[in-house]
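Only a predicted model underlies this, so the values are computations on that prediction, with no experimental measurement involved.
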Amino acid sequence: MQKWVGHCEVDIDQFLDRIIIYFYDTGMPRTPLLVSLMLAICSRNQNYVPINEASVMERFMEILLEKLSADEVKSSAYDFKNKEDYLSFLAWKMVENNRFYFTKDEFWEITIEYHRMRGFDLKLSQFDTIFFDKNILVDTYGVISFRYQCMVEFYIAKRARKDRKAFEWIIDDKNYLNFINELSYLTGLERDCEEVLIKVEEKLAPIIKKSEYLLSSLKDYDLKTCINVETDKLIKDLKDSELNEEQRDNLTDKPDSGDELHPREMRKDIDVSKLSELDAFFNTLLLYGKVIKNSEDLTFEIKSKALTTCINCYCVLLGATKKLIEDQISNELIDKTIEKVGGKKLEDNKSIIDLYQDILKITVPIVLQNIALETLGTNKLATIIRDKIENESTDEFAQFMYVFLYSDLRLPESLSYIERFLKNSESKDIIYLSLFKLIYYYHTGYFKSKAKHQLESIIADSILKLKRLNKAYKSNVIMKIRKSNDNPQELLEGF
């Protein structure tokens, strides 16, 4: 990595995290060639971290299509824009057919049609061969398709950017969930596209209005499991179960799904009306986060309002999941538990049910935070996120989301914001959830080593506050973190 970014002041961990997320989100396989191209793209721009997928794809296609080659600057050549126009024409033909490949005869007819419409000469353009030579199009036993799914999606977005009918098709209520990646690319290419932001908000609005009552349930998150933190044991486990670099990489890596996403197998036939309300809401929220992240050139006020709406949606989703856990899932657990213990009374097994519930209720908000990071996480929202954190009227669960979104981005003073947030919090549940996130930071070495002492201090304060212990114990707790050499039995035993 130092070979590629050694000249830049870049957080290597953050840089690699974003590259992995980029490959995962776009479905581009992590072949040596593509990874090298990605690193080359990123290294050309000092302090560049790949966050905007469209920007990276654009640079990637410029390299493949040799935008800056000598032939491109000749006035007689069919240039980069002509080539992209042709590829977007092909991609849209695939959408119209809802089939993301052509037979050889179909490909030939469509290519002739394109040249006839533009008044181009196929012998001069060589569009029937050059894209195969550059491995953008592939011929698999007479079936013509794009090499990667992300290429199809990128050129659908390019088409929608200049063709109003195409745009209205992919943003339509019946179709938009089939085109999440395309709309993300579109807003990445056109970073002040308020229209997409508004239209996605309008799709979320009815569900938000219907489900807002769920926000009140978060005021009492109701973690029932007895919080019996064995301080000595916890500190030993924290110290000795800290992950090494290889373990951290394995934990944070994502599978290479590129080869699984072949364009020939693409479908765009999700029927939004047949999705459950929760599924439609969740997928629309993912799109909304991507659109906010890409809308860099909109005003502070517009982005601030959108971020508030987005985080409120995550809180609504958390409230809905909490209700699902307490009602439907808990009832299923009760039935299974009674069956396993031979029909004993529920009271005898209530602690088991409470534990199952709490495991889910602790996991879900942390998972949602991670999803928020991957969809709308960008350093360019730092000022707006800080503004939300410093707004005392913000609901405490929303604050919880803002504070950890900010720290997940490894932004300046992250731990200080967490420290202040937990110091002011009176919610046992919020502190408990935060402690799990802090332990994750500690184990994975999420922050630079110089921040380790501050993180130890925050963890110690959280334990003392949960156990209602005097501050006099704090120095002993921190000392044990630094001196303990015992092997852990189990992380967080006693929670």
Side-chain angles (χ1 to χ4, degrees), residues 26-29 31 33-34 36-37 41 54 56-163 165-167 169-170 179 181-182 185-186 189 258-259 261-268:
T26 60
M28 188 180 286
T31 64
L33 172 63
L34 296 181
S36 296
L37 279 173
I41 289 168
V56 180
M57 271 300 298
E58 196 162 43
R59 296 181 193 197
F60 177 62
M61 295 310 301
E62 286 174 1
I63 291 172
L64 289 183
L65 293 171
E66 300 175 294
K67 181 179 180 181
L68 300 178
S69 70
D71 287 342
E72 283 292 327
V73 300
K74 295 178 182 178
S75 59
S76 61
Y78 285 84
D79 64 13
F80 176 75
K81 287 187 179 295
N82 297 137
K83 293 169 184 173
E84 288 220 306
D85 183 66
Y86 170 74
L87 291 172
S88 65
F89 182 82
L90 283 185
W92 192 250
K93 282 290 184 182
M94 292 175 173
V95 172
E96 290 178 337
N97 297 336
N98 195 25
R99 178 164 57 81
F100 291 85
Y101 60 88
F102 302 120
T103 64
K104 279 189 174 181
D105 288 343
E106 288 171 337
F107 173 75
W108 180 253
E109 290 171 5
I110 290 167
T111 301
I112 293 296
E113 177 190 354
Y114 174 83
H115 283 74
R116 184 175 60 249
M117 290 170 59
R118 299 293 190 273
F120 291 164
D121 187 327
L122 181 56
K123 289 183 180 179
L124 294 177
S125 75
Q126 299 179 359
F127 283 3
D128 57 334
T129 59
I130 59 172
F131 300 105
F132 296 95
D133 296 339
K134 296 177 185 296
N135 209 28
I136 293 169
L137 299 177
V138 292
D139 181 345
T140 309
Y141 303 110
V143 175
I144 311 298
S145 65
F146 280 86
R147 176 67 181 86
Y148 301 122
Q149 179 172 327
C150 56
M151 291 177 174
V152 189
E153 293 167 341
F154 180 70
Y155 283 109
I156 292 171
K158 285 266 187 176
R159 176 75 179 202
R161 190 182 181 192
K162 69 175 187 176
D163 182 337
K165 288 184 178 179
F167 171 74
W169 172 263
I170 68 172
F179 296 97
N181 290 340
E182 289 85 349
Y185 282 133
L186 175 61
L189 293 166
D259 290 334
L261 300 174
H262 198 284
R264 293 194 306 271
E265 299 168 4
M266 284 175 61
R267 301 293 297 175
K268 298 288 184 182

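Within the model, atoms CZ of Phe154 and CG of Leu87 stand 10.0 Å from one another, a figure rounded to the nearest 0.5 Å. Interatomic distance, Lys83 NZ to Leu64 CG, rounded to the nearest 0.5 Å: 11.0 Å. The OH atom of Tyr185 lies 5.0 Å from the CE atom of Met57; values are rounded to the nearest 0.5 Å. We find the CZ-CG distance between Phe146 and Leu137 to be 5.5 Å, quoted to the nearest 0.5 Å. Taking CZ from Phe89 and NE2 from His115, the interatomic distance works out to 10.5 Å, rounded to the nearest 0.5 Å. With rounding to the nearest 0.5 Å, the separation of CH2 in Trp92 from CH2 in Trp169 is 7.5 Å.
Inter-residue side-chain proximity for Lys268 and Ile170 is flagged as unmet; no heavy-atom pair is nearer than 4.5 Å. Under the 4.5 Å side-chain criterion, counting only non-hydrogen atoms from C-beta, Tyr101 is not in contact with Thr140. Under the 4.5 Å side-chain criterion, counting only non-hydrogen atoms from C-beta, Phe132 is in contact with Ile144. At least one side-chain heavy atom of Ile136 sits under 4.5 Å from a side-chain heavy atom of Leu65. Under the 4.5 Å side-chain criterion, counting only non-hydrogen atoms from C-beta, Leu186 is in contact with Phe167.
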Next item on the list: Could you check Val95 against Phe179 for side-chain contact (heavy atoms from CB on, under 4.5 Å), going step by step and ending with a plain yes or no?
Entry: CA-CA 10 Å; Val95 172; Phe179 296 97; 4.0 Å; yes
Margin query: Run Thr111 and Phe102 through side-chain contact (heavy atoms from CB on, under 4.5 Å) and show every step you take.
Written below: CA-CA 11 Å; Thr111 301; Phe102 302 120; over 6 Å; no
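For Tyr86, the ring pair (Phe, Tyr, Trp, His ring centres under 6.0 Å) partners at least two apart in sequence or on another chain are Tyr114, Phe127, Phe131. Taking Asn98 as the reference, nothing meets the side chain to side chain donor-acceptor pair (under 3.5 Å) condition, with sequence neighbours excluded. A search for side chain to side chain donor-acceptor pair (under 3.5 Å) contacts involving Asp139 returns Lys104, not counting sequence neighbours. Taking the side chain to side chain donor-acceptor pair (under 3.5 Å) definition, one finds that Glu84 meets it with Tyr155, Lys158, sequence neighbours left out. Applying the salt bridge (Lys or Arg N to Asp or Glu O under 4.0 Å) criterion to Lys162, with sequence neighbours excluded, gives Asp85.
Residue Asn135 comes nearest to Arg147 through the heavy atom pair O-CB, 3.2 Å, listed as atom of the first residue, atom of the second, then distance. Trp108 approaches Leu122 most closely through the heavy-atom pair CH2-CD2, 3.7 Å. Residue Ala166 comes nearest to Ala160 through the heavy atom pair CB-CA, 3.9 Å, listed as atom of the first residue, atom of the second, then distance.
Pairs of residues two or more places apart, or lying in two chains, that qualify as salt bridge (Lys or Arg N to Asp or Glu O under 4.0 Å) and include a residue from residues 107-117 are Lys93-Glu113.
A donor-acceptor pair under 3.5 Å is formed between the side chain of Asp121 and the backbone N or O of Lys123.
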